[in-house]
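Sequential numbering from 1 along the given sequence is applied to the chain's residues. What you see is a predicted model; the values in this text were computed from it and never measured.
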Amino acid sequence: MEGKVRKEEAVDFLTKTVMEDVENETYSRPIATRFPPEPNGYLHIGSAYAIHVNAAIAEAFHGKMNLRFDDTNPLKEDMKYVEAIREDVRWLGLDLPVYFGSDYSEEIFEAALKLIRKGKAYVCDLSAEEMTEYRGTLTEPGKNSPYRERSVEDNLSLFHQMKEGRFPEGAKVLRAKIDMSSPNINLRDPVLYRIIHAEHYRTGSEWCVYPMYDFAHPIQDAIEGITHSLCSAEFRDHRPLYEWVLRELEVAEPPKQREFGRLNVSGMVTSKRYIRELVEGGFVDGWDDPRLPTLKGLRRRGVTPEGLRRFMQEVGMLRGSSTVDAAMLDHFIRQDLKDKSVAVMAVLNPLKVVITNYPKDQVEMLHLNHSDADPMLGGRDVPFSGELYIEREDFMEHPVPGFHRLFPGGEARLKGAYYVKCHHAVKDPETGEVKELHCTYDPETKSGTGFSGRKVKSTIHWVSAAHGVPAEIRLYGSLLKDAAPVAESDNDWAELVSPDSRIIYRQAIMEPWMKNASPDAKYQFIRQGYFCLDHKDLTGPVPIFNRMVSLKDSWKREASR
């Protein structure tokens with residue numbers, strides 16, 4: 001059977017579940033999944049994982065996957081979120097058919113009428129506070145609403161009046177009639193419809209009653225022919241309600257809800273509510289801040305969809321919610337970049353070097369490969385002169401044991417150039433800060449000549465002072481402080497956000513080849529990491545580069561299993 005996964009290939013619980021349905025011919029239609037985001041915010045890495053799970057199952061069984069917007073709450077939804085989500089899904093590499101829950105308004109309303117006629121739903125006048133009081137607790141059963149035994153005729157009449165806008169918000173709701181003593185609180189006569197007098201971003205003022213997600217979702221799945229409604233683990237307790245709705249509506253070959261674990265990443269905030277608090281509180285610079293795990297933030301940081309997909313493939317199908325080390329994500333970003341990025345020299349915190357014995361006004365063009373590992377990637381010519389910039393951290397006036405870069409009397413190689421020896425450090429008379437180094441070079445030590453008269457223990461990168469291109473370089477780290485506890489309720493983000501989550505170097509200098517840096521390219525700044533242009537700030541006085549990931553890789557595949 002086409003699309004059938006062989007038993008020996010099925011290693012995860014979701015694939016096994018679907019495979020059994022295929023083998024038992026549970027459905028007369030192809031396997032179908034869906035991703036149903038609410039258009040009230042932006043997607044994040046947890047959303048990408050949900051997309052990945054649904055797409056993986058659909059692909060494994062040669063089925064289909066829909067993108068359906070769950071737009072049943074006009075108070076928070078906006079077309080800008082629809083467009084942003086569609087863009088993010090395309091960026092992930094998926095071309096999905098697009099549907100809107102609001103297009104099924106008539107069908108969902110008719111489904112509610114069917115339940116009323118069957119005596120399975122009723123209009124309730126309890127206030128929200130009273131309903132909470134009647135619901136009971138985890139250890140105590142609820143009690144029936146005094147409106148629970150209204151006649152079918154009265155319920156039909158009242159529900160139509162709700163639709164016609166005759167009642168204010170909160171005056172009435174439509175509830176399912178299930179079991180107020182059920183141990184599952186979701187089955188204690190849940191609300192199916194509520195009144196909202198607000199303009200819907202797609203349907204305008206056509207409707208003033210809107211279905212709750214738990215009621216609309218199974219109906220939408222059934223309409224679209226979804227076979228497996230795959231959702232995160234927090235919906236597990238909602239599954240009995242999902243099944244109750246389909247059963248009472250007598251849906252043939254009803255879709256199945258199955259749950260997978262929620263993906264969390266250490267140091268990242270993966271709750272849409274918490275991300276909104278960070279954005280609206282000014283703790284980050286909008287939804288696309290590169291420190292956020294929103295797909296917009298990850299894209300702005302330069303993360304590639306290929307690296308993100310490889311990361312999620314390695315995570316696999318999670319049964320329960322799990323927190324993955326951010327080092328694992330960095331590993332797959334790094335793996336994706338190492339063979340497609342050009343290695344260039346950029347000095348983040350410049351310290352001037354004057355080579356006192358280099359011919360004045362001489363400029364020498366030195367050839368550097370784009371990649372030390374793969375010469376086939378080509379190279380470029382880089383100007384070398386008697387005045388250079390090196391990283392300030394590459395000089396130490398009083399070197400500690402093991403420091404092998406420049407210090408008074410110390411010698412190091414300039415990458416692709418010569419050995420230089422430091423003789424003197426010039427200091428600011430007021431602050432005592434080192435302003436520049438006076439060094440000499442040995443012309444016999446030029447790279448590529450085969451010089452072997454002596455060895456030095458370090459190689460440092462540099463940029464010609466006369467030819468360097470100014471830039472702003474931003475290094476991003478974990479948004480939260482180490483082991484910062486994120487509460488279920490109020491969070492003091494001022495205390496939780498790390499002050500070192502973003503470090504900006506505004507006086508950075510890059511080699512002149514970077515003057516024509518492409519917004520689509522990825523670069524390896526030697527010894528610093530992988531970088532890309534900040535596509536949001538391409539028109540500023542100097543180019544801005546964001547670090548995607550450092551060069552150091554601390555994650556090992558064996559350790560993650």
Side-chain angles (χ1 to χ4, degrees), residues 35-51 69-89 91 128 132 194 196 198 201 210 212-214 231-235 238 261-301 303 308 321-326 329 474-504 534 536-537 546:
F35 174 62
E38 298 174 80
N40 61 5
Y42 298 99
L43 301 186
H44 54 70
I45 195 168
S47 313
Y49 180 69
I51 293 171
F69 289 95
D70 170 36
D71 54 354
T72 56
N73 184 353
L75 298 176
K76 298 181 178 180
E77 298 156 0
D78 196 292
M79 185 58 74
K80 69 178 181 181
Y81 297 123
V82 170
E83 295 304 323
I85 291 170
R86 294 184 69 173
E87 180 184 340
D88 283 343
V89 170
W91 176 75
T132 300
R194 75 282 206 204
I196 302 178
Y201 77 105
Y210 290 90
M212 301 298 289
Y213 176 81
D214 280 345
C231 53
S232 51
E234 64 260 34
F235 290 99
H238 296 246
R262 180 184 176 90
L263 174 65
N264 299 298
V265 181
S266 63
M268 292 186 178
V269 178
T270 52
S271 159
K272 186 190 296 186
R273 176 168 70 88
Y274 292 160
I275 294 173
R276 186 182 299 277
E277 290 177 9
L278 287 164
V279 172
E280 294 179 351
F283 298 101
V284 293
D285 298 333
W287 289 89
D288 62 351
D289 189 300
R291 292 167 292 179
L292 290 177
T294 57
L295 296 194
K296 285 191 168 297
L298 292 173
R299 291 171 65 185
R300 185 178 170 194
R301 186 176 135 200
V303 174
L308 194 56
S321 295
S322 178
T323 298
V324 176
D325 193 333
L329 173 60
R474 300 171 178 175
L475 308 185
Y476 293 98
S478 174
L479 179 63
L480 302 181
K481 295 176 182 177
D482 289 343
V486 177
E488 292 295 327
S489 54
D490 292 338
N491 289 289
D492 186 352
W493 296 114
E495 288 295 322
L496 295 175
V497 172
S498 170
D500 298 323
S501 61
R502 180 177 63 184
I503 299 174
I504 301 177
D534 189 325
K536 191 174 183 178
D537 293 306
N546 296 326

Those residues at least two apart in sequence (or on a different chain) that pass side-chain contact (heavy atoms from CB on, under 4.5 Å) with N40 are E38, K76, K272

Contacts of type ring-ring contact (aromatic ring centres under 6.0 Å, His included), residue W287, not counting sequence neighbours:
Y42

Are the side chains of D71 and V82 in touch, meaning some heavy atoms are under 4.5 Å apart?
no

For the residue pair S321 and A233, what are the closest heavy atoms and their distance?
OG-CB, 4.5 Å

For V269 and L292, what are the C-alpha separation, side-chain angles and deciding distance, and is it a side chain to side chain contact (heavy atoms under 4.5 Å, CB included)?
CA-CA 7 Å; V269 178; L292 290 177; 5.5 Å; no

Qualifying residues under side-chain hydrogen bond (donor to acceptor under 3.5 Å, both in side chains), relative to D289, sequence neighbours excluded
R291

d(R300 CZ, D534 CG) to nearest 0.5 Å is 4.0 Å

Nearest non-hydrogen partners of W91 and L308, listed with the distance:
CZ3-CD2, 4.0 Å

Worked verdict on R194 versus N73 for side chain to side chain contact (heavy atoms under 4.5 Å, CB included)
CA-CA 10 Å; R194 75 282 206 204; N73 184 353; 3.7 Å; yes

Considering only heavy atoms from C-beta outward, does the side chain of P37 approach that of F69 to under 4.5 Å?
yes

Here the pair of heavy atoms bringing V265 nearest to T270 is N-CG2, 4.4 Å

Separation between OG of S47 and CG of D88, rounded to the nearest 0.5 Å:
9.0 Å

L43 vs I51, side chain to side chain contact (heavy atoms under 4.5 Å, CB included): CA-CA, chis, key distance, verdict
CA-CA 10 Å; L43 301 186; I51 293 171; 4.0 Å; yes

Closest non-hydrogen atoms of L298 and P293, given as atom of the first, atom of the second and distance, are CD1-O, 3.8 Å

Residues at least two apart in sequence or cross-chain that pass salt bridge (Lys or Arg N to Asp or Glu O under 4.0 Å) with D285, listed by chain then number, are R502

Results of side-chain contact (heavy atoms from CB on, under 4.5 Å) for E87 - residues two or more places apart only:
R90, K296, R299

With sequence neighbours left out, the residues meeting ring-ring contact (aromatic ring centres under 6.0 Å, His included) with Y201 are none

Quick one: closest heavy-atom pair of E495 and K481, and the distance?
O-NZ, 2.9 Å

For A198, side-chain contact (heavy atoms from CB on, under 4.5 Å) partners two or more places apart:
P74, L75, I196

Just wondering, do Y49 and S232 contact through their side chains at under 4.5 Å, heavy atoms?
no

Which residues pass the side-chain contact (heavy atoms from CB on, under 4.5 Å) test with T323, not counting sequence neighbours?
N264, S266

Residues forming a side-chain hydrogen bond (donor to acceptor under 3.5 Å, both in side chains) with K536, sequence neighbours excluded:
D288

What pairs with Y213 under side-chain hydrogen bond (donor to acceptor under 3.5 Å, both in side chains), at least two apart in sequence or on another chain?
H217

Side chain to side chain contact (heavy atoms under 4.5 Å, CB included), that's the test. Do L480 and W493 meet it? Break it down for me.
CA-CA 9 Å; L480 302 181; W493 296 114; 4.2 Å; yes

The criterion is salt bridge (Lys or Arg N to Asp or Glu O under 4.0 Å); which residues satisfy it with R262, sequence neighbours excluded?
E234

Taking every non-hydrogen atom, the tightest pair across I503 and D500
CG1-O, 4.0 Å

Taking side-chain hydrogen bond (donor to acceptor under 3.5 Å, both in side chains) as the test, write out the residues that go with T72, two or more places apart.
D70

